[in-house]
Structures are given as structure tokens and as C-alpha cells.
Amino acid sequence: MSKSIQIVWFKRDLRLRDHAPLAEASCRNEPTVLLYIIEPMLINDPHFDIRHWRFITQSITDLNEQLSAKGACITLVIGNAEQAFASIAKQFTIARVLSYEEVGLDNTYQRDKRLKAWFNGHGIDWLEFANGGVTRGLNNRRNWKQQWHDYLRRPVDDPALEALQVIEPESLGTPLSLSNAVKVHHLDDTTDIISSLNALTAPAQTFQPGGEKRAWYTLNHFLAERGIRYAQQISSPSLARKSCSRLSPYLAWGNITPRQVLNRLNSKKSDSDWRRTVKAFSSRIQWRSHFIQKFESECSMEISPVNKAYENYPYAGALDAEPKVTAWQRGETGFPLIDACIRAVIATGYLNFRMRAMLVSFLTHHLNVDWRKGVVFLGRQFLDFEPGIHYPQFQMQASVTGTNTIRLYNPLKQALDHDKDGRFTRKWVPELAEVPDDLIHSPWKLSAMEQRLYGVELGRDYPLPIIDIEQASREARDRLWSFRERDDVKREARRILSKHTIPGSPRT
DNA sequence: TGGGCTTTCCT
DNA sequence: GGAAAGCCC
């Protein structure tokens, strides 16, 4: 009979503090494997790219540094999850697996169902813990706010790390070394993945670095100075980069929890200078969980509109849509703020909320392109990509819910309201750097002489607008508001409201 | 966490 | 005649 062990499976929860599965494992006096699995299925998934894998390996390195101070280490496996558990089961008797519930893409959901069956067949208990105030299998929102507040009130789940007996399996495939000194166990057929992960060593200064330590540094810096004008500057694409918390990737990849963040925010509650920040920021942390809960309750949102009637929405045909999508993805639409936003998010993985909403509105409303033609591309650009926020938000901004108000962002008005001096636009669209403030957002108005004067030839250095914005706005408004009046849209809207909203709350 | 147009209310 | 509120798409 082989030795009995338990496994703490780290999914998207790359931290040691406030970690319920780890805390539970530390209460049991048993040998424990701390397992992180990098799966080819996800490496090949177009929602993710090198920026995410770099963030994850940085986070694992951080975990391992903390663990090695206690004489422990993480077991990092590259390979599919079923194979990883099967390999460990050859060496040990797995008594139980402890992990969080994951609100993820369909491929991880299907994997979990396969694993559940495999665990059942092998007499392995799988203890899954609710994550961040989100409840699995919820059919309505009657008690959701109460559950959320209960989650916040309960003490953090800090594990007793010194009580944990961490062990590492002997051999899982060929051990290789990731350049950051973390040992990697890689199962068959993953050598190409190892080499591409090793190629990640090149520093990418423009992306936020991953890790639990970095998450706390970011939070503390936000509350020490950066965040004092949070509420006023949140909408500005340039100022938001400093005065927003920038915690989103750390929350998405589980370096820190909403509860830890809000507990830390308490220290500012009595400071009147920070009153607006505390109020605005804490409501957004809750809003975040609210969206993840939507996706948990309706995961079909990854592939179809939550309001099924929108399957028949009159989007542009494929031939018409393709060049528009390409221009949008490349930041070559001829609308300077739109192009600046796309280029900024590709280069840095970050964009403030309002500008993200504007990009979705422009694609789906002004260009009249099906939201599904842009949703994966944009998700991949976000370092903080979180399926549970991305899909419900994308659908809401694309107005395919039939319940929220229609948000048709005028890129020129947004530019005047939030980038009047063109600071952000000039940074990311340097072709227009010399154009003066009053023309930077409408370069198509430049005369031939002005184009020579400001060093930009329209149609060569910077594109002419791919659509007539006034006509497109008018058409989008008519299309959207008239579609909403259809009986099938209204019927679906009633179903959605009863499932996803808190009774009595105002509809926005 | 929209926007454009109209109405209303104030100076 | 301008700002805020209201209305409708």
C-alpha cells in the first residue's frame, strides 16, 4: 500500500494567504503536495498568450520563494490535469484533493467534469471551496448580497504554513528547470511548451509583474498615494493608469482576494480625504463579484448571447465585417482615440474601464459587428482577463442582454470629455503627435496644407475614418432600440431579470 | 458606467 | 440664452 497524501490544487489562486483549500489542508496532519498544473489545453487557448504565462510563472516563482523559506516547495507540472493526477496516483494513494471552485471557460469546466468522474472512480475526495463570495449553482439573487457580506465578514482563511508537511512526488516525466529556478515536471509531448516558457525570460517592462508580493505592494501604493483622486480620474485613459488600483490582474490570477483588499481599505474609512475613493472603489470590488456570479450562473454566455433573441440581430455579413474587424484590431480605424486605446491595450495589457466599454461599443454598434468576432481577441489583450467578468461585460456593452440600457459611446464625445488635450492619443498614435489639440481627435478635417505642416499625410501615414460616424451612430441607435421592442427580446429579458438581478434594485 | 434633442427653469 | 432635467431612441 503506497503512502497516503492529500493534494492542494492551485487553480487561478496563486497566493498563500486567504486560501481556504490550503488552510483546510494545514489543519490535517498529512503529507501534502502543493500542485500547480500548466495545461497545454490552456496554452493553446486563444484567450491567453505569452503575457498571461509570464504573469503566472512570475506568480509561481513568488510562491516558491515564500515556501522555500519554510523548507517547502510547489510541484509544477506541465501537462494535462488528468495525466498529472494519474501520475501522482502511481506513486501515492491520494486521499483527497482540495481546490477552489473555478468560474472559468468551458474547457476548464469540461475538464473538471472529467476529473470529478476520475476522482470518484479512484475513491478520491474532491473538496471544492467557494471563491470570493461567488456561489455555485445559484438560480436567483434573492440572498446574494447577504452571502457576499457574510463572505467579507468572515476572517481570512490564512493557512498554518508551519504545520503543513509539504512533499514533492519523485518523478513526473522528465524534470526540467524553468529559468526562474522553479523545477518543472513535464509530462510527455510538452517540450515545445517548456522551451517557449523558457523564452519568457526577456523582461517586459510594460506589463505588470505577477506575484502575491507584487499584489500587496500595488495595493499599499494605491492607498498610500496613487488612489486619492480615484473617483475623479477613473474615466481618463491617461490618468486612470496611475490613480486606479491596478489590482485587476492580481485579483484575476488570485494573488490577492476581494476580502483582503476590502479589509485593507478599512484603514482609510475614517480619513475624509479618502472618502470618495473608499466608496467608489469598494462598490467596484463588489460589482466585480456580481459579474463573476452572472457568468457562474449562465456560462453559456461564452458562446451565445444571454438574451437568446439576439441570435437574430442584423449584424453585418462576414464579408463586410472582416475588414472592419481587422482595422479595429490593428488600431487603424481612423478614429484617433479608438486606435490609441487598442494600441495601448495591446502594448501594456491594461486599459481603463470606460475605454474598454468604448472599444466594444464601437465594434458592435458603429461597425455593426457580431460581438463574438471581437470578444476573444480583446480578452487576450487583457493581462487581467477574467472569464467571469469579460463575457458578461462584453455582452452588456454589446447590448445583447435586452435588460441594461443601451450604451452607444460616441468616440468624439469621449475624446473631448476624457482626453481633451490629446495626451493619451498622442502617446499611442504618434503619427498625429504634431497635430494641435483642437484637431487631434478629428484629423480628417485637416486641410492638405495642415497635413504638410503637421507631418501627417492622411491615407498614407494615418487612415481616413473607415465609417461616417454620424451616420453609423444614427443607424446603430435605430437598429438597437427597434430590436429591443421585439416580443422575443422582451420575453428573454424577463427571464434574465428574474435570474440575475436583486429584486427592487434600479435597472441601469 | 450613453447621447441627442426638447423642455423647463432660472437669470 | 444658458444650465439642468426630462424624454426617447
Side-chain angles (χ1 to χ4, degrees), chain A residues 227 229-241 243-245 247-248 276-277 279-295 306-307 309-310 313-314 335 337-338 341 345 350-368 371 378 382 384 386 388-420 424 441-442 467-487 489-490 493 500-502 505-508:
Chain A
R229 313 266 302 156
Y230 174 82
Q232 295 90 332
Q233 302 186 336
I234 192 167
S235 291
S236 157
S238 49
L239 301 177
R241 302 182 84 86
S243 43
C244 282
S245 77
L247 286 170
S248 54
R276 293 194 64 187
T277 295
K279 193 169 180 301
F281 183 62
S282 54
S283 91
R284 273 163 184 262
I285 293 284
Q286 182 180 335
W287 206 51
R288 184 184 178 281
S289 296
H290 165 75
F291 269 84
I292 297 173
Q293 182 71 61
K294 270 189 208 226
F295 193 60
V306 61
N307 187 313
Y310 279 83
Y313 189 82
F335 293 93
L337 184 59
I338 298 281
C341 286
V345 77
Y350 177 79
L351 193 64
N352 64 325
F353 176 77
R354 176 180 285 270
M355 295 298 113
R356 295 185 193 203
M358 183 186 69
L359 288 179
V360 178
S361 163
F362 189 80
L363 177 76
T364 59
H365 299 150
H366 295 102
L367 301 183
N368 196 28
W371 62 275
L378 203 59
F382 296 160
D384 54 24
E386 161 67 69
I389 296 174
H390 190 65
Y391 278 92
Q393 269 294 342
F394 210 100
Q395 290 207 21
M396 190 179 99
Q397 301 299 345
S399 304
V400 292
T401 64
T403 57
N404 308 89
T405 195
I406 287 163
R407 281 183 245 274
L408 187 58
Y409 290 76
N410 179 338
L412 300 181
K413 180 179 184 293
Q414 293 299 318
L416 291 180
D417 288 352
H418 303 295
D419 191 38
K420 196 165 175 35
F424 179 78
H441 294 300
S442 44
I467 49 159
D468 175 333
I469 191 72
E470 279 172 22
Q471 187 192 342
S473 298
R474 211 167 38 241
E475 288 175 1
R477 225 179 34 230
D478 292 351
R479 210 165 36 229
L480 286 162
W481 283 103
S482 63
F483 197 82
R484 228 181 186 212
E485 293 304 312
R486 288 167 51 128
D487 286 343
V489 171
K490 288 181 175 167
H500 295 284
T501 61
I502 297 157
S505 65
R507 301 304 314 134
T508 50

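Residue numbers start from 1 in every chain, and the chains themselves are labelled A, B, ... in the order their sequence lines are given, proteins ahead of strands. Values reported hereafter were calculated over all heavy atoms of this structure, with side chains retained and with hydrogens, waters and symmetry mates removed.
- For A:Lys413, taking side-chain heavy atoms from C-beta onward, the closest of the listed nucleotides B:dG3, B:dG2, B:dT1 is B:dG3.
- Contacts of A:Lys490 classified as salt bridge (charged side-chain N to carboxylate O under 4.0 Å, His left out), with partners at least two apart in sequence or in another chain: A:Glu485.
- Regarding contacts with the backbone of B:dG3, a side-chain N or O of A:Gln414 is found under 4.0 angstrom from either OP1 or OP2.
- When the side-chain nitrogen and oxygen atoms of A:Asn410 are compared with OP1 and OP2 of B:dG2, none of them lie within a distance under 4.0 Å.
- A 4.5 Å side-chain heavy-atom check between A:Asn352 and A:Gln233 finds every atom pair outside the cut-off.
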Would A:Trp287 and A:Phe353 satisfy ring-ring contact (aromatic ring centres under 6.0 Å, His included), going step by step from the backbone distance to the final call? CA-CA 13 Å; A:Trp287 206 51; A:Phe353 176 77; 5.6 Å; yes
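- Looking at heavy-atom distances under 4.0 Å, A:Leu480 makes no contact with the nucleic acid at all.
- The distance from atom CG of A:Leu412 to atom P of B:dG3 is 11 Å, rounded to the nearest whole Å.
- A sub-4.0 Å separation between OP1 or OP2 of B:dG2 and a side-chain N or O of A:Arg354 is present.
- Formation of a donor-acceptor pair under 3.5 Å by the A:Arg479 side chain with backbone atoms of A:His365 is found in this model.
- The separation between A:His366 atom NE2 and B:dG2 atom P is 14 Å, rounded to whole Å.
- A:Arg477 comes within 4.0 angstrom of a nucleotide base, judged by non-hydrogen atoms across all strands.
- Among the nucleotides B:dT1, C:dC9, B:dG3, the one closest to any side-chain atom of A:Asp478 is C:dC9.
- Nucleotide B:dG3 holds its C1' atom 14 Å from the CZ atom of A:Arg474, rounded to whole Å.
- Listed by residue number, the members of residues 280-289 of chain A with any heavy atom below 4.0 angstrom from DNA chain B are A:Arg284, A:Trp287.
- A salt bridge is defined here as a Lys NZ or Arg NE, NH1 or NH2 lying under 4.0 Å from an Asp or Glu carboxylate O, and A:Arg288 with A:Asp384 fails to meet this definition.
- Taking atom OH on A:Tyr409 and atom C1' on B:dG4, their separation rounds to 16 Å, with Å as the unit.
- Between the side chains of A:Ser243 and A:Arg229, no donor-acceptor pair of N or O atoms lies under 3.5 Å.
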